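Report on one structure; see the data block that follows.
Both ligands and their constituent atoms are indexed starting at 1 by order of listing. These numbers come from the heavy atoms of this one structure, side chains and all, not from hydrogens, waters or symmetry mates. Everything quoted here is computed from the prediction, not taken from an experiment.
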Amino acid sequence: MKVSVDKDMCACTGTCALIAPEVFAIENHSELVVLDPEPADALRDLVVDAAEQCPTGAIEITE
Ligand code: SF4
């Protein structure tokens, strides 16, 4: 799977970083960073959950 974040849509809530800290992080208190843009399948459920919980729909998952 591949993960990306539309930074124009991201509101930096940090929700995704709480749910899947292996993949997402907030740096400098205001910048969302995708740490692992191609996470292992073992992280799939967490990444999907993070995308569903993102309040702005900024997280895109592709296969
Ligand atoms: S949950 Fe969505 S809005 Fe919040 S930091 Fe992650 S990508 Fe940005």
(request) For atom 3 (S) of ligand 1, find the nearest protein heavy atom and state the residue, atom name and distance (0.1 Å precision). (result) Ala11 N, 3.2 Å
(message) At less than 4.0 angstrom from any non-hydrogen atom of Thr56, what atoms of ligand 1 do you find?
(response) 3 (S)
(request) Give the minimum heavy-atom separation between Asp36 and Glu22, together with the two atoms involved. (result) CB-O, 3.9 Å
(message) Under 2.8 Å from atom 6 (Fe) of ligand 1 - does any N, O or S atom of Cys12 fall there?
(response) no
(message) Does any part of the side chain of Leu18, heavy atoms only, come nearer than 4.5 Å to the side chain of Gln53, both counted from C-beta?
(response) no
(message) Within the 4.5 Å heavy-atom criterion, are Val23 and Leu35 side-chain neighbours or not?
(response) no
(message) Please give me the minimum heavy-atom distance between Ala58 and Met9, naming the atom from each residue.
(response) CB-CB, 3.8 Å
(message) Would you compute the distance between atom NE2 of His29 and atom CD of Glu31 and round it to the nearest 0.5 angstrom?
(response) 12.5 Å
(request) Could you check atom 5 (S) of ligand 1 against the protein and tell me its nearest heavy-atom contact, residue, atom and distance included? (result) Gly14 N, 3.3 Å
(message) So, 2.8 Å as the limit: is an N/O/S atom of Thr15 located closer than that to atom 4 (Fe) of ligand 1?
(response) no
(request) Could you check atom 6 (Fe) of ligand 1 against the protein and tell me its nearest heavy-atom contact, residue, atom and distance included? (result) Cys16 SG, 2.3 Å
(request) Could you list which atoms of ligand 1 come closer than 4.0 Å to a heavy atom of Thr13? (result) 1 (S), 3 (S), 4 (Fe), 5 (S)
(message) Just checking Lys2: does its NZ atom have more than 12 heavy atoms from other residues, nucleotides or ligands closer to it than 6.0 angstrom?
(response) no
(message) Counting C-beta onward and ignoring hydrogens, is there a side-chain heavy-atom pair between Phe24 and Val3 closer than 4.5 Å?
(response) yes
(message) Please determine whether Cys54 has a backbone or side-chain N, O or S atom lying under 2.8 Å from atom 8 (Fe) of ligand 1.
(response) no
(request) Give the residue, atom name and distance (to 0.1 Å) of the protein heavy atom nearest atom 8 (Fe) of ligand 1. (result) Cys10 SG, 2.3 Å
